[in-house]
Amino acid sequence: MKQKNYPFRAIESRWQKFWEEEKLMYMDESSPKPKYYCLMMFPYPSAALHVGHGRNYIIGDVVARYKLMRGYNVLAPMGWDAFGLPAENAAIRENIHPAVSTREHIRKMKEQLNQWGVLYDWSRELATCEPDYYKWTQWIFLKLHEKGLAYKKLAPVNWCPSCSTTLANEEVVDGKCERCDTLVVQKDLEQWFFKITAYAERLLRDLELLKDWPERVKIMQANWIGRSEGVEIDFRLEGNDEVLPCFTTRPDTIYGVTYMVLAPEHPLVERLAPEEKKEEIRRFVEKSRKENLASRTHLEEEKEGVFIGSYVINPVNGERIPLWIANYALMGYGTGAVMAVPAHDQRDFEFAKKYNLPVKIVIQNPEKTLTLDSLEAAYVEEGVQVGSGPFDGLPNREAIEKIAGYLEEKGVGRKRITYRLRDWLISRQRYWGAPIPIIYCSDCGTVPVPEDDLPVRLPEKVDFRPQGRSPLAGVPEFVDTSCPRCSRPARREMDTIAQWLCSCWYYLRYLSPRDEDRPFDTDLVNRWLPVDQYIGGVEHAILHLLYSRFITKVLYDLGYVGFQEPFQRLFTQGMIVKDGAKMSKSKGNVVSPDKLIAKYGADTVRLYTLFIGPPEKDAEWDDRAVEGAWRFLNRVWRLIEEFKVQSSKFKVEDKNKDKKLSNLDSRRLTDLRRKTHQTIKKVTEDVEGKFHFNTAIAAIMELVNEMSSLSGSEESGLPVMREALETVVLLLAPFVPHLSEELWEKLGYQGSIFLHSWPGYDEEALKIEEMIVAVQVNGKVRHRITVAAGISEEELKKETLTNDRIKELTAGKEIKKVIIVPGKLVNIVVTG
RNA sequence: GCCAGAGUGGCGGAAUAGGCAUACGCGGCGGUCUCAAAAACCGUUGAGGGUAACCUCAUGUGGGUUCAAUUCCCACCUCUGGCACCA
């Protein structure tokens with residue numbers, strides 16, 4: 001007989017059409033079923049998707065379809081993160097208007113999603129570049145502005161020379177632009193910021209609420225926020241009453257301060273320098289500004305500095321402390337001033353050695369006495385206070401508290417908490433983004449655009465190629481406007497909003513995507529959020545997820561939403577790599593799903609993608625291994641074809657399984673029934689728990705293997721066979737939906753399998769009559785015996801010790817101990 | 001440097017409230033079908049030894065706890081990711 005492959009092409013197109021017509025995945029607002037919001041991170045429409053991207057959508061689709069079968073009212077929407085640099089750069093490269101290329105990319109990607117059999121409620125589709133969406137992104141900007149959380153200031157900011165725009169701190173990776181790897185430089189620019197630092201504490205604290213987030217994502221966010229407790233100490237400037245505050249986490253080392261360092265950008269530098277030093281200092285400041293961020297913030301970089309020429313006074317002992325500026329002090333952290341304790345800080349130590357500054361030991365090592373001559377590195381371990389006046393003899397851990405208290409009492413310091421987190425730079429000098437809704441009037445100053453005037457539309461006819469200033473500056477119809485307050489001529493803000501803000505709130509918009517009167521419906525949103533399951537790549541651990549949490553908290557404070565965290569559960573899937581590397585066009589290792597789908601169908605690609613390994617881990621793609629998934633699906637197909645032939649031969653119409661099952665005589669059938677129910681249990685647990693689809697699929701394969709070996713059985717076995725087959729099809733449904741629908745129909749059912757409920761298992765069927773127990777001698781498995789399932793420990797012991805083979809193995813030896821592990825093994829400990 | 005996570009057959013990976021290591025799949029080998037090949041199907045497959053029953057060795061390395069360790073403890077090595085002059 002010629003083996004025929006199953007006709008996946010016809011099956012897949014048939015069911016894709018059916019699902020869309022039946023609106024299978026369209027959420028029904030009036031449904032009484034419990035809600036389930038299953039959200040996948042929406043993509044940038046910049047290029048065609050590869051199999052690595054597919055993993056995200058396939059996992060999400062499995063979860064959505066599974067929840068559908070579990071009787072939930074599922075919301076699984078999809079949209080497009082369409083604004084921002086990737087879309088704009090692609091547009092520049094292809095020399096097509098971003099609006100056109102974006103639309104084209106969306107069309108292509110949507111087609112791919114459809115081919116994968118991934119379902120969404122397309123009636124809720126949105127794109128962040130549409131005016132009816134970005135109108136509300138602008139509205140959020142205005143709300144933050146109203147609250148004093150959006151401000152403009154002149155500051156040294158990250159500038160990417162290649163992208164010709166400023167970047168947020170979070171977009172600078174290793175001193176390079178996250179997008180194009182160009183070295184980022186510092187520039188002084190007037191830019192818009194969001195005061196995310198005002199939420200630092202809450203963003204950190206509320207991580208504890210996120211019980212179902214991966215631990216590593218929470219750790220990454222906590223590190224990024226970088227809370228540290230310390231003291232801000234006032235150092236008086238010598239010769240006047242001005243005070244220079246300085247943050248430290250080590251007040252216990254205050255007696256060891258031998259110099260002080262200011263960041264080159266520190267505003268006091270210019271003023272404090274005496275006339276004869278000004279030139280030298282100006283040159284140093286210039287030089288360190290030119291250094292890019294990458295080298296300014298790396299340990300390996302040589303520390304350099306210049307003595308300013310003035311002094312400050314140590315508040316605890318009145319010592320005169322020289323003031324320096326150095327490249328290793330950062331303006332953005334603490335107060336931009338560092339009290340230097342070379343004996344107990346490695347950076348200060350290196351700097352002091354280089355410039356011959358004094359070193360003073362104030363924490364003594366209790367193990368091995370430190371001396372100035374032998375000190376080769378800063379001593380940063382714990383120890384005992386020395387040379388610290390009234391605090392001598394205290395363990396330094398205690399001294400931290402004591403000295404902090406002492407400084408507060410004296411009024412020269414206060415406990416403070418600082419964060420590594422900086423305010424979020426939100427303006428971009430690019431075209432493809434939402435215009436910042438601000439107008440500058442020479443009389444009224446900075447005026448927000450009134451809500452009624454939103455959206456501030458992005459003009460279409462613009463030369464959007466990067467030229468170092470905002471492309472919108474070249475569009476007078478856009479820039480020239482009138483002041484909303486006094487109606488006199490005014491100018492619009494020409495920068496656009498960073499794309500990250502657009503993706504900070506899209507999950508709220510999905511509930512009422514066409515609402516023209518408000519960004520989202522508070523009632524609806526409170527009913528549907530937090531998102532039950534968010535699925536996406538770990539690369540967004542900080543940027544997108546931190547920003548979204550921030551915006552949600554702001555909206556909560558403003559009373560627009562009733563929850564403080566947007567995403568209840570988060571799942572971050574691993575990357576799919578090829579030849580050990582991330583798929584990329586430049587490496588030429590991109591696996592396109594199109595060819596594979598044409599050859600094997602979407603179900604095979606889905607099954608392999610899920611089977612490749614645990615979904616939270618990276619996995620290596622192997623084209624050959626796809627065959628395995630393909631072979632398996634064909635086997636399932638054939639099994640059902642054969643079953644149909646067989647059952648028609650016996651003319652079994654009986655659907656009453658229980659009656660048939662009660663007089664089963666064949667042991668193999670009992671075993672199959674047990675396997676069936678074991679598989680239901682296993683698959684359900686794997687899907688409910690950690691999304692371990694790989695082991696769930698392996699379990700189904702085992703069941704199918706057992707059925708194959710049982711082919712050609714007698715008539716009485718048909719109901720058991722039928723139950724097993726139906727189970728296989730139901731359990732496979734979320735993974736391989738097209739084939740499952742088709743087989744479900746072949747088994748005689750009408751309507752979508754996803755409207756049928758997920759199978760439950762029968763505890764009775766799981767029971768076993770006898771089991772195989774491993775017998776160990778001194779911890780090594782030597783034999784196996786078959787015993788009744790309900791056997792007592794005593795009986796099992798007896799049974800084991802009287803067994804001929806065991807007697808042989810223990811002959812001439814003294815049995816010291818017998819260890820019984822119920823249901824698993826017996827270990828006989830012998831001597832000799 | 002610091003913080004996570006991970007090291008298991010030729011390969012992807014199973015199994016950790018300690019209890020039969022290598023499930024499932026890929027690849028390999030042998031067979032069936034075929035003039036032949038491919039596909040498909042069936043069997044076999046950790047390494048070494050033995051005619052065989054069986055034996056020995058194997059979960060990154062070295063120790064430890066235990067009747068029993070991939071799983072727990074200590075030290076180290078390697079890889080991946082994040083952070084990295086944050087005072």
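Sequence lines set the chain letters: A, B, ... in the order given, protein chains first and strands last, and positions in each chain run from 1.
In this structure, B/G12 and B/C24 make a Watson-Crick or G-U wobble pair, each of the two defining distances being under 3.5 angstrom. The partner of B/A52 is absent, by the rule that a Watson-Crick or G-U pair needs both atom distances under 3.5 Å. If you check B/A37 for Watson-Crick or wobble pairing at under 3.5 angstrom, you find it has no partner at all. In this structure B/U59 sits in no base pair that meets the Watson-Crick or G-U test at under 3.5 Å. Base pairing annotation: B/A4 forms a Watson-Crick or G-U wobble pair with B/U80, both donor-acceptor distances under 3.5 Å. Nucleotide B/U66 has no partner under the Watson-Crick or G-U criteria, as no pair reaches both atom distances under 3.5 Å. Using the Watson-Crick or G-U wobble rule with both distances under 3.5 Å, B/C29 pairs with B/G43. Using N1 to N3 plus N6-O4 or O6-N4 for Watson-Crick, or N1-O2 and O6-N3 for G-U wobble, each under 3.5 Å, B/G18 pairs with nothing.
Nucleotides B/G46 and B/U32 place their C1' atoms 28 Å apart, quoted to the nearest Å. Nucleotides B/A47 and B/C41, compared at atom C1', are 30 Å apart to the nearest Å. Here the separation of B/A53 from B/G64, taken at their P atoms, is 35 Å to the nearest Å. Atom C1' of B/U16 sits at a distance of 15 Å from the matching atom of B/G7, rounded to the whole Å. Spacing of C1' atoms, B/G18 relative to B/C73, comes out at 13 Å, to the nearest Å. Taking the C1' atom of each, B/U70 and B/G82 are spaced 27 Å apart, rounded to whole Å. A gap of 15 Å separates the C1' atoms of B/C26 and B/A14, to the nearest Å. Separation of the C1' atoms belonging to B/C79 and B/G60 is 10 Å when rounded to the nearest angstrom.
Distance from the side chain of A/Thr695 is smallest to B/A15 among B/G19, B/A15, B/A87. Of the candidates B/G13, B/A4, B/C67, B/G13 carries the atom nearest the A/Asn694 side chain, counting heavy atoms from C-beta on. With B/G27, B/A68, B/A23 as the choices, the nucleotide that has an atom nearest any side-chain atom of A/Glu702 turns out to be B/A23. Checked against B/G19, B/C26, B/A14, the side chain of A/Ala625 finds its nearest nucleotide in B/C26. Among B/A87, B/C67, B/A40, the nucleotide with an atom closest to any side-chain atom of A/Glu627 is B/A40. In the set B/A87, B/G19, B/A6, B/A6 carries the atom at the smallest distance from any side-chain atom of A/Lys617. Closest contact between the side chain of A/Asn705 and the listed nucleotides B/G25, B/A6, B/A40 involves B/G25. Distances were taken from every side-chain heavy atom of A/Lys780 (C-beta onward) to each of B/C57, B/A87, B/C26; the shortest belongs to B/C57. Which of B/C85, B/C24, B/A84 sits closest to the side chain of A/Trp224 comes down to B/A84.
On a pure distance criterion of 3.5 Å, a polar donor-acceptor pair joins the side chain of A/Lys303 and the base of B/C85. Residue A/Asn223 places no side-chain atom within donor-acceptor reach of the base of B/C83, judged by atom type and a 3.5 Å distance cut-off alone.
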> Yes or no on side-chain contact (heavy atoms from CB on, under 4.5 Å) for A/Trp213 and A/Gln221, after CA distance, side-chain angles and deciding distance?
Replying inline: CA-CA 11 Å; A/Trp213 275 40; A/Gln221 291 210 355; 4.1 Å; yes
> For A/Glu702 and A/Thr679, what are the C-alpha separation, side-chain angles and deciding distance, and is it a side-chain contact (heavy atoms from CB on, under 4.5 Å)?
Replying inline: CA-CA 9 Å; A/Glu702 280 185 58; A/Thr679 306; over 6 Å; no
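Between the side chain of A/His344 and the main chain of A/Ile363, a donor-acceptor pair closer than 3.5 Å is present. Judged purely by atom type and a 3.5 angstrom limit, A/Asp423 uses its side chain to pair as donor or acceptor with the backbone of A/Ile196.
Ring pair A/Phe8/A/Trp630: centre-to-centre distance below 6.0 Å. Between A/Phe193 and A/Trp424, the gap from one ring centroid to the other reaches at least 6.0 Å. Taking the six-membered ring for Trp and the full ring otherwise, the centers of A/Phe611 and A/Phe693 sit at least 6.0 Å from each other.
Here B/G18 is in the anti range [glycosidic angle more than 90° from 0].
Counting non-hydrogen atoms under 4.0 angstrom, A/Glu620 reaches nothing in the nucleic acid. Across all strands shown, A/Arg420 has heavy atoms under 4.0 Å from base atoms, whether or not it also approaches the sugar-phosphate. Note on A/Asp348: nothing from the nucleic acid sits closer than 4.0 angstrom, heavy atoms only. Nucleic acid contact for A/Ser228: sugar-phosphate only, since backbone atoms but no base atoms lie under 4.0 Å from a heavy atom of the residue. Here A/Ile772 lies in heavy-atom contact (under 4.0 Å) with a base. In this structure, A/Ile819 reaches the bases: a heavy-atom distance under 4.0 Å links it to at least one base atom across the strands shown. Residue-level contact check: A/Val829 touches the backbone only, with heavy atoms under 4.0 Å from sugar-phosphate atoms and none from bases. Note on A/Arg227: nothing from the nucleic acid sits closer than 4.0 angstrom, heavy atoms only. Among the heavy atoms of the strands lying under 4.0 Å from A/Ala698 is at least one base atom, whether or not backbone atoms are also near. When heavy atoms are screened at a 4.0 angstrom cut-off, A/Gln776 is found touching base atoms of the nucleic acid.
With the nearest nucleotide of RNA chain B identified for both A/Val781 and A/Gly628, A/Val781 has the one nearer the 5' end.
Remark: P of B/U80 and CD1 of A/Ile219 are 20 Å apart, rounded to the nearest angstrom. Atom CG in A/Leu610 sits roughly 15 Å away from atom P in B/G13 (whole-Å rounding). Straight-line distance from the CD1 atom of A/Ile542 to the P atom of B/A4: 16 Å, rounded to whole Å. Rounded to whole angstrom, the span from the CD1 atom of A/Ile233 across to the C1' atom of B/A87 amounts to 11 Å. Distance CG (A/Asn778) to C1' (B/U56): 16 Å, rounded to an integer number of Å. Per the geometry, CG belonging to A/Leu633 stands 12 Å off P belonging to B/C26, to the nearest Å. Going from atom CD1 of A/Ile612 over to atom P of B/C11 covers 16 Å, rounded to whole Å. Put simply, CG on A/Asp618 is 13 Å from P on B/G12, counting in whole angstrom units.
Taking the six-membered ring for Trp and thresholds of 30 and 60 degrees, A/Phe351 and A/Tyr259 have nearly parallel ring planes, at less than 30 degrees apart.
Within 6.0 Å of NZ in A/Lys354 there are more than 12 heavy atoms belonging to other residues, nucleotides or ligands.
Using a cut-off of 4.0 Å between Lys/Arg side-chain N and Asp/Glu carboxylate O, A/Glu201 and A/Arg227 are scored as salt-bridged.
One finds no side-chain N or O of A/Arg631 lying less than 4.0 angstrom from the OP1 or OP2 phosphate oxygen of B/A39. Residue A/Arg805 has no polar side-chain atom (N or O) positioned under 4.0 Å from OP1 or OP2 of B/A53. Close to B/U56, at under 4.0 Å from its OP1 or OP2, lies a side-chain N or O of A/Arg782.
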